[in-house]
Amino acid sequence: MSNMKTFFKSLLPGIFLFGFTVGTGSVTAMAKAGADYGMSLLWTIFISCAITYFLIHLFGKFTLVTGLTALQSFKKHIHPAVSLFFIVSLTTQVCGSVIGVMGILADVCYEWSKNFIDGGISSLYFAIFFITFVYVIFLIGKTEVFEKVLAIFVAIMSVCFLINFIILMPPAMEILNGMVPNVPDTGSDKNAFLVIASMVGTTVFSGLFILRTILVKEAGWTMADLKTQNRDALFSAFLMFIVSTSIMAAAAGSLFIQGITLTNVTQMIYLLEPLAGAAAVAIFTIGLIAAGVSSQFPNVALLPWLLDDFHQRKPNLKRPSYRIIALVISSLGLIVPIFNAKPIAIMVSSQAFGALLLPATVACISYMGNKKSLMGEYKFSNITNILLALIFIFSLVMSYMSYSGIMSTLQAL
């Protein structure tokens with residue numbers, strides 16, 4: 001029993017990163033890809049998860065070797081402005097994510113509640129409930145509590161989306177064809193570039209790798225824990241691929257075959273029922289709620305973590321200033337229910353913005369990892385540098401797609 005407990009505990013940082021990555025934003029991006037293009041963009045998920053594993057492993061190993069987190073090393077060995085750039089950029093992205101996540105979560109719960117109460121329960125009440133729940137957990141101020149609560153929601157989410165995949169699974173040949181890289185034709189009402197960029201942005205998220213170094217340092221891991229770190233990174237990326245594929249397949253097996261474009265995630269609620277029954281709708285909704293809540297925990301705590309890391313202080317979420325910051329960021333979740341904004345547009349744009357940050361992240365770790373004075377015998381190998389160069393080129397292409405997609409979306413407004 002103690003061995004199982006130790007093994008599970010060693011996977012908590014990876015589960016935490018998975019919960020952070022596969023939230024409502026990821027569900028939105030994968031569901032939209034499946035609804036608009038079937039399984040033809042599955043290759044994007046595979047490449048994104050492979051890159052994510054490689055970078056989680058690389059950033060984690062960097063901290064094991066140097067004892068420094070990403071922000072600390074950027075501040076010390078490049079320039080403090082670089083660390084501040086990441087703090088501001090990631091906080092901006094997270095704020096957009098909080099707005100979109102809570103908007104989608106509240107909308108979905110409102111639509112689902114119509115099955116039980118005439119007229120449904122206002123989305124504003126759901127938003128207030130979920131914001132309060134996450135904020136109360138934040139007030140406890142312990143990362144271990146965050147990780148354990150997150151693990152529960154991640155388990156619920158994973159089981160729900162896997163069941164939906166089994167119910168709505170597209171033909172196996174369609175899934176295999178999706179592994180062949182291609183960009184589908186884009187109609188007047190679709191934007192493949194923005195969808196691809198949002199899929200990459202939500203999976204290969206710069207904040208994920210920077211947070212990884214903080215979690216590794218907080219766990220007290222050393223080079224003796226390299227195998228544990230690698231296993232944890234692989235487990236996290238594997239879960240990302242399986243769950244993301246399940247979400248895409250559910251949308252492909254329901255909306256795409258009917259030629260329905262996804263403009264609002266709540267469509268999934270009433271479109272799934274005729275195809276798969278009320279049980280499938282309930283499972284999908286519970287999975288979506290778990291995804292949203294699991295991503296809100298790290299979203300709210302990210303800025304306090306980054307600030308403590310930048311100032312090289314012991315993480316302390318109980319600081320009064322951090323509680324105010326968390327309350328302000330959490331309150332952004334009320335924007336969609338109050339002002340009736342379009343959560344899916346905010347969510348996709350927010351995730352696509354993440355693709356713009358990726359080249360800077362890759363460039364920084366490449367520079368740091370090749371400093372002999374810092375890495376010693378663990379200086380990046382030629383193979384690692386080649387892979388980083390390929391990822392950098394890929395990230396530039398994704399940034400172009402992100403920029404093109406966001407511009408097209410803005411022009412269409």
Side-chain angles (χ1 to χ4, degrees), residues 22 24-51 104 108 157-158 160-204 240-277 280-281 283-285 287-288 291 344-345 347-348 351-352 355 394 397-398 401-402 404-405 408-409:
V22 184
T24 315
S26 187
V27 174
T28 301
M30 304 309 163
K32 184 161 181 61
D36 290 1
Y37 306 108
M39 298 301 293
S40 63
L41 293 179
L42 182 59
W43 62 271
T44 308
I45 297 178
F46 179 77
I47 291 176
S48 296
C49 290
I51 291 173
I104 290 170
V108 166
M157 168 178 64
S158 301
C160 288
F161 287 136
L162 282 171
I163 292 172
N164 259 284
F165 171 71
I166 293 167
I167 295 172
L168 297 162
M169 185 172 65
M173 191 53 68
E174 189 179 331
I175 296 173
L176 289 174
N177 288 337
M179 294 296 286
V180 180
N182 75 98
V183 178
D185 292 333
T186 300
S188 57
D189 59 337
K190 296 180 181 179
N191 195 321
F193 283 169
L194 184 60
V195 172
I196 290 171
S198 67
M199 290 169 71
V200 173
T202 189
T203 307
V204 193
M240 287 177 199
F241 178 74
I242 295 299
V243 174
S244 297
T245 299
S246 299
I247 297 164
M248 177 187 277
S254 55
L255 306 188
F256 180 70
I257 59 174
Q258 297 183 73
I260 300 171
T261 298
L262 188 69
T263 55
N264 195 311
V265 178
T266 54
Q267 284 177 280
M268 293 289 285
I269 301 300
Y270 52 82
L271 288 171
L272 274 180
E273 189 158 0
L275 283 167
V281 174
I283 292 167
F284 179 82
T285 305
L288 193 62
I344 199 164
M347 199 74 255
V348 171
Q351 301 304 337
F394 176 76
V397 173
M398 288 299 105
M401 286 187 172
S402 177
S404 300
S408 298
T409 301

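Along the sequence shown, the residues carry numbers beginning at 1. The figures that follow rest on heavy atoms only: side chains count, while hydrogens, waters and symmetry mates do not.
A 6.0 Å sphere centred on CZ of Phe46 holds no more than 12 heavy atoms belonging to other residues, nucleotides or ligands.
For the side-chain contact (heavy atoms from CB on, under 4.5 Å) test, residues two or more places apart in sequence or in another chain that qualify with Ser48 are Thr44, Val200, Thr203, Val204. For Ile175, the side-chain contact (heavy atoms from CB on, under 4.5 Å) partners at least two apart in sequence or on another chain are Met39, Leu42, Phe165, Met169, Pro170. Partners of Asn177 under the side-chain contact (heavy atoms from CB on, under 4.5 Å) rule, at least two apart in sequence or in another chain, are Met173.
Closest approach of Ala35 and Ala251 over heavy atoms only: N-CB, 3.7 Å. Closest approach of Trp43 and Asn182 over heavy atoms only: NE1-O, 2.9 Å. Closest of all the heavy-atom pairs between Ala33 and Leu41 is CB-CD1, 4.2 Å. Nearest heavy atom pair, residue Tyr37 against residue Phe256, reads C-CE1, 3.7 Å. Minimum interatomic distance between Met248 and Ile45 (heavy atoms only, all atoms of both residues): CE-CD1, 3.6 Å.
Atom CZ of residue Phe394 and atom CD1 of residue Ile51 lie 4.5 Å apart, to the nearest 0.5 angstrom. Expressed to the nearest 0.5 Å, how far CG of Leu162 lies from CE of Met157 amounts to 10.0 Å. One distance of note links CG of Leu288 with CD1 of Ile283; it measures 13.5 Å at 0.5 Å rounding.
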